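Here it is: the structure, laid out below.
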Amino acid sequence: MFRRTFWFTAGAAAGVWATTKVNRKLKQLTPESLAAQAANKAIEAGHRLKDFALDVRDGMAEREAELGEALGMNHHPDTELPAQRRFAVIENRAATKTDRRDSADKHDSTDNKTKYLENTRYSYDRNEDH
């Protein structure tokens, strides 16, 4: 009698366990559960990708510092930048006498050096397309 009761109870327990296991698996396969799992995996992958990008950025900064030290580029001189280039202005030698008198009034007539224009709207860019 005890033998039958034992096996009956063991069978019932196995049935309950199997039913519970199957119901859990079915709940995991519902569309809502699958969507939640996919969202969680995507978030996890995003975190891993962010960590990877941060590691790469740190490695790049470290390597750039090493290269800067090796090439001596980390020493910043305290001097200022050089002055802006001045653009030469070429005088028109074929000007009329009145133009020459006007220019002589404005400038010293003994100064035959090339004139420089300090502030100009036009600049020369040798890399411009011609």
Side-chain angles (χ1 to χ4, degrees):
M1 180 84 174
F2 286 108
R3 201 184 242 180
R4 286 184 185 175
T5 308
F6 170 76
W7 286 114
F8 177 76
T9 307
V16 169
W17 176 79
T19 304
T20 306
K21 189 122 172 138
V22 167
N23 284 336
R24 284 184 189 161
K25 198 53 117 173
L26 286 175
K27 284 183 183 178
Q28 285 180 353
L29 297 176
T30 61
E32 296 84 15
S33 178
L34 291 175
Q37 287 176 9
N40 289 339
K41 296 273 184 184
I43 290 171
E44 184 181 326
H47 288 302
R48 278 191 261 139
L49 186 62
K50 180 183 173 186
D51 291 340
F52 173 73
L54 291 174
D55 289 343
V56 168
R57 184 183 298 168
D58 291 341
M60 284 174 35
E62 183 180 327
R63 181 65 178 150
E64 186 176 341
E66 289 173 3
L67 290 173
E69 288 176 12
L71 297 174
M73 296 174 59
N74 291 343
H75 302 291
H76 299 289
D78 293 334
T79 60
E80 294 183 20
L81 293 174
Q84 184 178 4
R85 290 177 43 195
R86 300 184 313 180
F87 299 99
V89 176
I90 301 171
E91 286 188 36
N92 185 2
R93 298 288 180 194
T96 62
K97 288 184 179 184
T98 58
D99 290 340
R100 286 187 188 157
R101 274 189 233 131
D102 290 340
S103 67
D105 293 340
K106 293 179 186 174
H107 302 291
D108 185 16
S109 61
T110 60
D111 185 19
N112 289 332
K113 295 180 183 177
T114 304
K115 306 287 187 219
Y116 288 97
L117 187 61
E118 294 293 332
N119 297 323
T120 180
R121 295 187 300 164
Y122 305 104
S123 65
Y124 173 72
D125 183 6
R126 65 186 179 134
N127 295 322
E128 267 183 7
D129 293 335
H130 296 259

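Side chains are part of it too, since the values below use all heavy atoms of this structure and drop only hydrogens, waters and symmetry mates. In this text the structure is predicted, and so the values were computed from the model without any measurement.
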Exercise. Using a side-chain heavy atom cutoff under 4.5 Å and only I, L, V, M, F, W and Y, what cluster partners does Leu67 have?
Worked result: none

Problem set entry | Residues forming a salt bridge (Lys or Arg N to Asp or Glu O under 4.0 Å) with Glu62, sequence neighbours excluded |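 Glu62: no salt bridge (Lys or Arg N to Asp or Glu O under 4.0 Å) contacts found.
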
Less than 3.5 Å apart, which donor and acceptor atoms pair up between the side chains of residues 3-20 and the rest of the protein, not counting sequence neighbours?
unit_1 : atom_1 : unit_2 : atom_2 : d
Thr5   : OG1    : Met1   : O      : 3.0
Thr9   : OG1    : Thr5   : O      : 2.8
Thr19  : OG1    : Gly15  : O      : 2.7
Thr20  : OG1    : Val16  : O      : 2.7

Exercise. Other hydrophobic cluster members with Val22, side-chain heavy atoms of Ile/Leu/Val/Met/Phe/Trp/Tyr under 4.5 Å, chained?
Worked result: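 Traced through the cluster, Val22 reaches Leu26.
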
Exercise. What's in the same ILVMFWY side-chain cluster as Phe52, cut-off under 4.5 Å, chained through other members?
Worked result: Val56, Met60

Return a table of donor-acceptor pairs under 3.5 angstrom between the side chains of residues 27-46 and protein atoms on other chains or two or more places apart.
unit_1 : atom_1 : unit_2 : atom_2 : d
Thr30  : OG1    : Lys27  : O      : 3.0
Thr30  : OG1    : Ser33  : N      : 3.4
Ser33  : OG     : Gln28  : O      : 3.2
Asn40  : ND2    : Ala36  : O      : 3.3
Glu44  : OE2    : Arg48  : NH2    : 3.1

